[in-house]
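What follows is a short report on a single structure.
Remember, predicted model here, so these are calculated numbers, not experimental data. Protein chains get the first letters and strands the later ones, always in sequence-line order, with residue 1 at the start of each.
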Amino acid sequence: MIDPIILFFLLGLGAALLRSELRLPAVIYDFLSIVLLLSIGLKGGIELSKQPFGALLPQILAVTAMGFLLPLVAFPVLHRLGRFKRADSASIAAHYGSVSVGTYAVAVAYLGNRNIAFEEHLPLLLVVLEVPAILVGIVLARGFSRQMRWGEVTHEVFLGKGIVLLIGGLLIGWIAGPQGVASIEPLFFDLFKGVLALFLLEMGILTAAQVGSLRKYGLFLLGFGIAMPLFSAVVGVVLGWLLGLSVGGTAMLGILAASASYIAVPAAMRISVPEANPTLSLTAALGITFPFNVLVGIPLYYAFAVQAHSFFGG
Amino acid sequence: MIDPIILFFLLGLGAALLRSELRLPAVIYDFLSIVLLLSIGLKGGIELSKQPFGALLPQILAVTAMGFLLPLVAFPVLHRLGRFKRADSASIAAHYGSVSVGTYAVAVAYLGNRNIAFEEHLPLLLVVLEVPAILVGIVLARGFSRQMRWGEVTHEVFLGKGIVLLIGGLLIGWIAGPQGVASIEPLFFDLFKGVLALFLLEMGILTAAQVGSLRKYGLFLLGFGIAMPLFSAVVGVVLGWLLGLSVGGTAMLGILAASASYIAVPAAMRISVPEANPTLSLTAALGITFPFNVLVGIPLYYAFAVQAHSFFGG
Amino acid sequence: MIDPIILFFLLGLGAALLRSELRLPAVIYDFLSIVLLLSIGLKGGIELSKQPFGALLPQILAVTAMGFLLPLVAFPVLHRLGRFKRADSASIAAHYGSVSVGTYAVAVAYLGNRNIAFEEHLPLLLVVLEVPAILVGIVLARGFSRQMRWGEVTHEVFLGKGIVLLIGGLLIGWIAGPQGVASIEPLFFDLFKGVLALFLLEMGILTAAQVGSLRKYGLFLLGFGIAMPLFSAVVGVVLGWLLGLSVGGTAMLGILAASASYIAVPAAMRISVPEANPTLSLTAALGITFPFNVLVGIPLYYAFAVQAHSFFGG
Amino acid sequence: MVTHARKLLTIITEAALEGVLVRDIERLGAHGYTITDARGKGRRGVRSAGWDASSNIRIEILCDQETASEIAAHCRKKYYDNYAMTLFLVDVGVMRPEKF
Amino acid sequence: MVTHARKLLTIITEAALEGVLVRDIERLGAHGYTITDARGKGRRGVRSAGWDASSNIRIEILCDQETASEIAAHCRKKYYDNYAMTLFLVDVGVMRPEKF
Amino acid sequence: MVTHARKLLTIITEAALEGVLVRDIERLGAHGYTITDARGKGRRGVRSAGWDASSNIRIEILCDQETASEIAAHCRKKYYDNYAMTLFLVDVGVMRPEKF
Ligand SMILES: Nc1ncnc2c1ncn2[C@@H]1O[C@H](COP(=O)(O)O)[C@@H](O)[C@H]1O
Ligand SMILES: Nc1ncnc2c1ncn2[C@@H]1O[C@H](COP(=O)(O)O)[C@@H](O)[C@H]1O
Ligand SMILES: Nc1ncnc2c1ncn2[C@@H]1O[C@H](COP(=O)(O)O)[C@@H](O)[C@H]1O
Ligand code: NA
Ligand code: NA
Ligand code: NA
């Protein structure tokens, strides 16, 4: 059975490709993302309130390391093989090292539909994964120049809308706990999938807008946009297995690794690495990798996780 | 007992007539319509997934025929009796041949309150009724000129926001089926009447804005705006009875026939029949017929349906 | 246990003070206030439909008197002690004589969390309290000049968005009654706290924007912004006790008295007393009194009410 | 293309004034106006359009020199002192002079 | 600073025209355009932007005199009679003349 | 009505630049600015304002010739090459010259 939220994505994509005038107002898109980010944060925070934070530290460190590693793998591929300019390679690498909240949300729905449990603190790992790749991307583009205003960069990265809402939601969920949050559940949890459906409708429209540039940038980008998430998913799945996550959690870490940012990173790169062409990275992350992950990747990465657990043993 | 959604309409109307500064932001109105259109489509699609499509074909054809017929009746009345210009007559006729989703939604609430069942595939008939009148309107205004860019017209008509969302919702509901859609029900079904209430609040405000022009265009338009839906309702009710619909379904078809479009048709006419004065048709459809249908018509047309069924026999 | 909605307020405040780019689009803020105002009105109206209106008349009159009295107390303090200009003193006094719907909503959540009942017709008293202070403020600034266009003022006051929605909600709830409103409860009641949470997120951001001016206008304003609500709360609590309200209702009247308007009054003052500096009154009402009431005041005023009832006897 | 000289008067001010200002403008002889929502900064500080109270509007009025002067003078007298307000005039060419 | 003289053509019209107008403009040789949402009043009455049908847009086109004339003439011929539409031209200075 | 000659510098650029640009503008001596949201098309393609990444803003700065030149030069140097950006200058008349 195909999840209706995927159908909403296809509806948006199809309508836009047929040049329908359908669009969601930008402020509504904004509003829907705010609700999604807070929901995900709250969910994670509630779970954090139930377990000792210390126990998560190893996972946090390991995932941070992965966040530093992935863009370092992607960069030479883009720069050498793809012959992209240094700045462009760095920026694209940063997008792929970071994560996509939309993809995560679709994965939550996917596992939820199949009653596959996963560690509820994954939103925390999502937050953790947002940041390192951005720093790596900046350093790859600029070097460790003294001219870099690191204060500004840190501000840009940690106080961007996405991270503030995720961390804010986490903290609120953590402090208020399950009972506290109960009163706001009808908005943030019961409507979650409906909100996600509308969000994906607009994502489909935005994805269609990248198709034009896709043709322009050619096959290498297309290949990269599919191969890179596959590679990252394997890394994420293996790491998840090593960390002792459940099958669901392992799949989730694979999905996070495979996803490419199109909110936090584009904004940060635009300011910190201005000479990188944003069309290039958005075409890859939004035009190729997002639909690939949503339509094909998520079930695939879940299969990876099942394999890993049955092969290596739970 | 008066339905609160009607009271929301009256609140908007009253506030605007008293020149209160109350208005809903345009993007919110947009958002509410998107949710309503998708909800209605989804509801219909779920039902379609339960029954063979072929069985509906006769109804679809008959209703399409009605969609072609009604504007052909309205046109000479407007042109000859009302002495409206050709383009204006054609445009108004197209509005009345097509349907109003807002009116449909109010009717759903009305029948729902009274636990009156109706065929759940009515949203499909709603979609079917949107289109023919637009084509008739264009031909009435332009003739079958070779200059008409029919490609453009078709694009305009079938890819307008309203139809894309209705058909999109239908398809999603159809493919995903009742279980699939369950996860998005809290947004699209549970909130339906609340969203409709806010939508009608703004409809009241928009209706009030037509009252000025109402005074200008005089009695004929007022008479037409009431007589035409009465006539159409009778046609719709008789057709519903002939098609063997239930009492509720018969009433619904009467209501659809009686309603006048103020979303899809105005947009299409503005581009395809530019010389038609949009104030004229909006005054009639939105300033007269919409409130008439919502306040008086719906119960009346339901009574027609009851009569038809008890007179001719179920 | 701290209520999560307060945490949302603190999140907005903190993010804005750290100069995060997080903001809610203005139209979304608008939309959330519309829903809140209607919800509060509907709740009150439903309750009105259950009891004879006449019985409430004494309370309405007493509360109206309080609405006239409070700004008359505030004005000389501001003008003499604070050395504010006449217009500024009048305007600030009007803000404090009127009420804040946001504060009321937080109080509803506070009492709800603790299962403390209060008279359900309090939204009616809220509406009643909105108006008198505005009139007093205008007269204090202008005198009873014949030049005043009282027609315009009345229009401004009674047809402002806030009052229309509150009164509209009241009337709809009253006419439709509990069964009628049931169908729109999922939007207006179930989502209430979630909507309030998002609303408070933006209130936090708006509050932070006042901090700059706070520094400029100094200590007197800070002191007034805390002392005045404390004084008003005592007046409100005593009045509530005199009127025979329950402990919850008494606390609520104290909270209403203590709250300072930042929607209806600023709009009215801007037009009717243009020479008053709006930064001054917003700094006090939004930058000082709102956070004070939300974080400290509400529990305190509730304690006042408990004291009053146990001291004087229920 | 023949164009006729007219004035474009632009007023940037608080959103709260929209209603009264529009009435004033029409009374003073303008045949039309165009409004867009705006935010900004000036001598009265930042107006960031986060909510009604801090929103600006930008009103454009195409008219003849005389009407422009009158509207500008009126705004100056009635609103300058108490409201955030900025005005400026530009020379423009229009095609249908009778309209403005 | 050296600036080069160009024209700024501003078209205020119904939002429904956005799609077709943009195509026309590009076909007639403009290298770019900027659109903002607007509301207003003119000979066709108040257009208050409460919903799609009453919304305006404000299109600005930086171009040379010739292109401006052509676009203006085209709009006049094709849209003036049937749509709410206002046009005006302003002399502007730009820094990179090759762009427009 | 006596008006004084000033310049209106209009910058159309990516919404992502709003924060830094506003700081630059103030540092370079402008006393105020007005911002509206926009969409458009230029050499960097269509920017349709469907979401943050494709949104434009339109910044207007009333100032004297010198400040306008400085801001324009600064923008040219710092942003032109890497951002969607269009600038133009118009001669305007203002009533209170001391303000700008
Ligand atoms: N120098 C300027 N350039 C452009 N816009 C300005 C300027 N000064 C003020 N404004 C606009 O006019 C509004 C009111 O200005 P003011 O009365 O100076 O506070 C501000 O909020 C800005 O939007
Ligand atoms: N004199 C004017 N000054 C500024 N804008 C105008 C003027 N006349 C018309 N407009 C704008 O142009 C639109 C269409 O004008 P019209 O074709 O006259 O109805 C109006 O809705 C206004 O937004
Ligand atoms: N010829 C033009 N006329 C009006 N606006 C333009 C023009 N060219 C570019 N723009 C605007 O400036 C933005 C940036 O331009 P560009 O740097 O050429 O991509 C575009 O997105 C448009 O909004
Ligand atoms: Na990734
Ligand atoms: Na009809
Ligand atoms: Na008060």
Of all of [options], which one pairs up most often with chain A through heavy atoms under 4.5 Å apart?
| options | result |
| --- | --- |
| C:Ala26, C:Gly12, C:Pro25, C:Ala15 | C:Pro25 |
| C:Leu18, C:Val27, C:Leu24 | C:Leu18 |
| C:Leu7, C:Ile6, C:Leu11 | C:Leu7 |

**Prompt:** Atom CD1 of A:Ile92 and atom CG of A:Leu280: how far apart are they, to the nearest 0.5 Å?
**Reply:**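 A:Ile92 atom CD1 to A:Leu280 atom CG measures 4.5 Å (nearest 0.5 Å).
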**Prompt:** In terms of side-chain geometry, is the basic nitrogen of C:Lys43 or C:Glu185 positioned less than 4.0 Å from the acidic oxygen of its partner?
**Reply:**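 No, C:Lys43 and C:Glu185 are not salt-bridged.
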**Request:** Name the member of A:Val181, A:Ile167, A:Leu38 that forms the most heavy-atom pairs with chain C at distances under 4.5 Å.
**Result:**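 Max contact count across the listed options: A:Leu38.
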Do [X] and [Y] make a side-chain contact, defined as non-hydrogen atoms from C-beta onward lying under 4.5 Å apart?
| X | Y | result |
| --- | --- | --- |
| C:Leu122 | C:Phe118 | yes |
| C:Phe9 | C:Ile5 | no |
| A:Leu159 | C:Arg19 | no |
| C:Pro266 | C:Ser261 | yes |
| C:Pro123 | C:Val127 | no |

With a 4.5 angstrom heavy-atom cut-off, which part of [X] approaches chain A: side chain, backbone, both or neither?
| X | value |
| --- | --- |
| C:Ile28 | side chain |
| C:Phe192 | neither |
| C:Arg23 | backbone |

Region of [X] that comes under 4.5 Å of a non-hydrogen atom in chain C:
| X | result |
| --- | --- |
| A:Leu171 | neither |
| A:Leu42 | side chain |
| A:Ile34 | side chain |

**Asked** Which residues from residues 195-205 of chain C are near chain A, with near meaning under 4.5 Å between non-hydrogen atoms?
**Response**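 Interface residues of residues 195-205 of chain C: C:Val195, C:Ala197, C:Leu198, C:Leu201.
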**Asked** Ring centroid separation for C:Phe290 and C:Tyr104, is it under 6.0 angstrom?
**Response**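 Between C:Tyr104 and C:Phe290, which both carry aromatic rings, the centre distance is not below 6.0 Å.
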**Asked** Among side-chain atoms of C:Glu119 and C:Ser246, is any donor-acceptor pair under 3.5 angstrom?
**Response**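 There is such a pair (donor and acceptor under 3.5 Å, judged by atom type) between the side chains of C:Glu119 and C:Ser246.
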**Message:** Parallel, tilted or perpendicular, judged at 30° and 60°: which one describes the rings of C:Phe31 and A:Phe31?
**Reply:**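 Aromatic pair C:Phe31/A:Phe31 classed perpendicular.
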**Request:** Applying ring-ring contact (aromatic ring centres under 6.0 Å, His included), run through A:Tyr96 and A:Tyr262 and close with a yes or a no.
**Result:** CA-CA 9 Å; A:Tyr96 279 82; A:Tyr262 49 82; over 10 Å; no
